[in-house]
A.B. asks: 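For reference, the structure I am asking about is given below.
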Amino acid sequence: MEERMVNQFYGALLHDIGKAVQRAENVRKKHQIVGADLLEKFDANREITRSLRYHHSDYMSSSLPKDSLSYITYIADNIASGTDRRSENDEKGWKWNSKTPLQDIFNRFGNEPSKRYIAPSELRPNVVDKILPSKVMHDYTPGEYSRGVSYFEEGLSAIEFTEEYAPSVLNLVEATMSFMPSSTNMLEVADISLYDHMKLTAAYACSILQYAEEKGIADYEKTFKNGANSFYKKQSFMLIGFRLEGVQDFIYTITSKGAHKQLRSRAFYVEMMSQWFVDSFLKKSGLTRANVLYSDTEHGYIIVGNTNDNRNIIVEAQKEFNEFLLENFGVKLYMAVGTAGFSASQVMMENSSDEYTNIFREIDFILDKNSKNRYQASEILKLNKAGKKDGRECAVCHSTGKVKS
């Protein structure tokens, strides 16, 4: 990762940590100031702390450089807020309750919406039972926030704001702020965690920086602050969807003795291959796991900048990975990839649900098309001529090669 991308990642990911401190200490300072003051204690560089201190337009300093990353964090925060916040009702105004707990994200699904809540806690081995939603509502007290902030500060004291520590800081924020609500506005649905909001902001911010660099945008103030409404309409983002096909047959088609012992190892192996594909792409594109919207063994989605570099990287990553699969597993496994460009206006709350779902429909269409046209003529000829390799057939996976007795 380039230095500016590293600074953008940390500044955007940590931009709202002041909210947790604010609720823990009941301070009346703006959360931007509280967060920046906290981070400065841990030797974060000025470019990072600026993103915390100046990510709201009303409090931006007139002395900020035109290419300050704060402007990107500002617009990324707006986009993320427009993506993950929804009004509870049509009332106007602001009513805050800092003790509001996180609501279950599935409350609004089904014919009869439920009312379930997540108990205040952190992601720790000894509180696993608390992560399950309950109908009992527990206030998120200042003491509960203080405990989470304390764990967060303890973790920060052991890191440096470099590329190497990016995964650790992302995990630290997830562990301490996954159950803190992003918004405590009583007129909004409090079912998005502070961690999810900050992670999504980082994903948008790093994608915008990629887009800006390819387009040669130098005046961030003009483009992302003064010209925000215009930027929202540009297809500056790209959603990458991937689907590893053949997984179920690969895992469960085992005819040898002791097959049950092989199921977990096969499932784990496929999971590792899938995550390796994701990490390889992220490394080549100079991004982090913050840009992964969702990922499991068989499929996932990644938000990136809508750039030619990213399009070329994902094509090459797919090609290399499928060559590996073809060489080792024949036609049993295949990685299909689809991409769709989108604008901020398509995912923010002012849009229609059709605009949002159309992005995923476009990707699904490309994935299906990609799956039906898996191999080039040269690859098909290679498969037809391959025959049986040297060595005997493996009794577990039925591949051939130098299998030891």
A.B. asks: Does L367 offer a backbone N or O that forms a donor-acceptor pair with the side chain of S371 under 3.5 Å?
C.D. replies: no
A.B. asks: For the atom pair CD1 (I303) and CD1 (I208), what is the distance rounded to the nearest 0.5 Å?
C.D. replies: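 Reported value, rounded in 0.5 Å steps: 10.5 Å.
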A.B. asks: So E323 and L326, do their side chains get closer than 4.5 Å, heavy atoms only?
C.D. replies: no
A.B. asks: Would you say the side chains of R4 and N7 form a donor-acceptor pair under 3.5 Å?
C.D. replies: no
A.B. asks: Is there a donor-acceptor pair closer than 3.5 Å between any side-chain N or O of T49 and the backbone N or O of R46?
C.D. replies: yes
A.B. asks: Do M5 and C206 have side chains that get closer than 4.5 Å, going by heavy atoms?
C.D. replies: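 Yes, side chains in contact.
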A.B. asks: Is the side chain of N291 donor-acceptor paired with the backbone N or O of A203 at a distance under 3.5 Å, no angle test?
C.D. replies: yes
A.B. asks: Would you check if K135 and Y117 make a side-chain contact, meaning some heavy-atom pair closer than 4.5 Å?
C.D. replies: no
A.B. asks: I'd like to know if K19 and D16 make a salt bridge, using a cut-off of under 4.0 Å between side-chain N and carboxylate O.
C.D. replies: yes
A.B. asks: Give a yes or no on whether a salt bridge exists between E298 and R243, defined as a side-chain N under 4.0 angstrom from a carboxylate O.
C.D. replies: no
A.B. asks: Considering the options Q8, H55, H15, H56, which one meets the side-chain hydrogen bond (donor to acceptor under 3.5 Å, both in side chains) requirement together with T73?
C.D. replies: Q8
A.B. asks: Assess the residue pair Y301 and I363 against the criterion (side-chain contact (heavy atoms from CB on, under 4.5 Å)); give the C-alpha distance rounded to whole Å, side-chain angles, the decisive distance to 0.1 Å, and a yes or no.
C.D. replies: CA-CA 10 Å; Y301 298 96; I363 289 178; 4.3 Å; yes
A.B. asks: Which atoms form the tightest heavy-atom contact between M177 and A20, and what is the distance?
C.D. replies: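 Taking every non-hydrogen atom into account, CE-CB, 4.3 Å.
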A.B. asks: Side chains of D196 and S193: donor-acceptor distance under 3.5 Å anywhere?
C.D. replies: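 Result is yes, a qualifying pair exists.
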A.B. asks: Using a strict cut-off of less than 4.0 Å between a Lys/Arg side-chain nitrogen and an Asp/Glu carboxylate oxygen, indicate whether R53 and E40 qualify as a salt bridge.
C.D. replies: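 Yes.
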A.B. asks: Treating S51 as the side-chain partner and G11 as the backbone partner, does any N or O pair qualify as donor plus acceptor under 3.5 Å?
C.D. replies: no
A.B. asks: Do the non-hydrogen side-chain atoms of Y232 and N78 ever get within less than 4.5 Å of each other?
C.D. replies: yes
A.B. asks: Would you check if Q318 and N370 make a side-chain contact, meaning some heavy-atom pair closer than 4.5 Å?
C.D. replies: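 The answer is yes, as the side chains (C-beta and beyond) meet within the 4.5 Å cut-off.
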A.B. asks: Supply the atom-to-atom distance Y211 OH to I217 CD1, rounded to the nearest 0.5 angstrom.
C.D. replies: 5.5 Å
A.B. asks: Of all heavy-atom pairs between M137 and P101, which one has the smallest distance, and what is that distance?
C.D. replies: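 So the two residues come closest at CG-CG, 3.5 Å.
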A.B. asks: Taking all heavy atoms of S345 and all of E355, pick out the closest pair and write down the distance.
C.D. replies: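 Shortest heavy-atom contact: O-OE1, 4.5 Å.
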A.B. asks: Looking at CG of L102 and CZ of F179, how far apart are the two atoms once the value is rounded to the nearest 0.5 Å?
C.D. replies: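 Atom-to-atom, L102:CG and F179:CZ are 8.0 Å apart.
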A.B. asks: With heavy-atom distances below 4.5 Å as the criterion, would you say the side chains of T288 and L13 are in contact?
C.D. replies: no
A.B. asks: For R116, does its backbone N or O pair with a side-chain atom of N107 as donor and acceptor, under 3.5 Å?
C.D. replies: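 Judged by distance alone, yes, a pair lies under 3.5 Å.
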A.B. asks: Decide yes or no for Y145 and M180: does some side-chain heavy atom of the first lie under 4.5 Å from some side-chain heavy atom of the second?
C.D. replies: yes
A.B. asks: Can you find a heavy atom in the side chain of S295 that is under 4.5 Å from one in the side chain of E271?
C.D. replies: no
A.B. asks: Describe, in one word, how the ring planes of F237 and F231 are oriented to each other, choosing from parallel (under 30°), tilted (30 to 60°) and perpendicular (over 60°).
C.D. replies: perpendicular
A.B. asks: Evaluate the side-chain contact (heavy atoms from CB on, under 4.5 Å) criterion for residues S68 and E47: first the C-alpha distance (whole Å), next the side-chain angles of each, then the deciding distance (0.1 Å), finally the verdict.
C.D. replies: CA-CA 7 Å; S68 172; E47 190 66 89; 3.6 Å; yes
A.B. asks: How many angstroms lie between atom CZ of F42 and atom CG of L14, to the nearest 0.5 angstrom?
C.D. replies: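 Result: 11.0 Å between the selected atoms.
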A.B. asks: Please work out whether the ring planes of F324 and W276 are parallel, tilted or perpendicular, with thresholds of 30° and 60°.
C.D. replies: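 Geometry flag for W276 against F324: tilted rings.
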A.B. asks: What about Y74 and Y54, are their ring centers closer than 6.0 Å?
C.D. replies: no
A.B. asks: Under a plain distance cut-off of 3.5 Å, with no hydrogens placed, do E160 and T162 share a side-chain donor-acceptor pair?
C.D. replies: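 Side chains of T162 and E160: no pair found under 3.5 Å.
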A.B. asks: Using salt bridge (Lys or Arg N to Asp or Glu O under 4.0 Å), reason through E245 and K332 one step at a time and then give a plain yes or no.
C.D. replies: CA-CA 8 Å; E245 301 188 334; K332 293 185 180 72; over 6 Å; no
A.B. asks: Go through the steps for E163 and K283 under the test salt bridge (Lys or Arg N to Asp or Glu O under 4.0 Å), then give the verdict.
C.D. replies: CA-CA 11 Å; E163 177 183 353; K283 184 177 181 179; over 6 Å; no
A.B. asks: Which value, rounded to the nearest 0.5 Å, describes the distance between N45 atom CG and F161 atom CZ?
C.D. replies: 8.5 Å
A.B. asks: With no hydrogens and no angle check, is any side-chain donor or acceptor of E214 less than 3.5 Å from a backbone partner on N308?
C.D. replies: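 Side chain of E214 to backbone of N308: a pair is present.
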A.B. asks: Would Q210 and N310 count as a side-chain hydrogen bond (donor to acceptor under 3.5 Å, both in side chains) here? Give the steps.
C.D. replies: CA-CA 9 Å; Q210 288 185 325; N310 281 331; 2.8 Å; yes
A.B. asks: Got a donor-acceptor contact below 3.5 angstrom from the S150 side chain to the S146 backbone?
C.D. replies: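 Looks like no, no N/O pair under 3.5 Å.
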A.B. asks: Are D104 and K115 within salt-bridge range, i.e. N to O under 4.0 Å?
C.D. replies: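 Looking at D104 and K115, the cut-off is not met.
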A.B. asks: Fit a plane to each ring of F360 and Y356, take the angle between them on a 0 to 90° scale, and name the class: parallel (under 30°), tilted (30 to 60°) or perpendicular (over 60°).
C.D. replies: tilted
A.B. asks: Going from OG on S343 to CD on Q235, what distance comes out if it is rounded to the nearest 0.5 angstrom?
C.D. replies: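 Here the interatomic distance stands at 6.0 Å.
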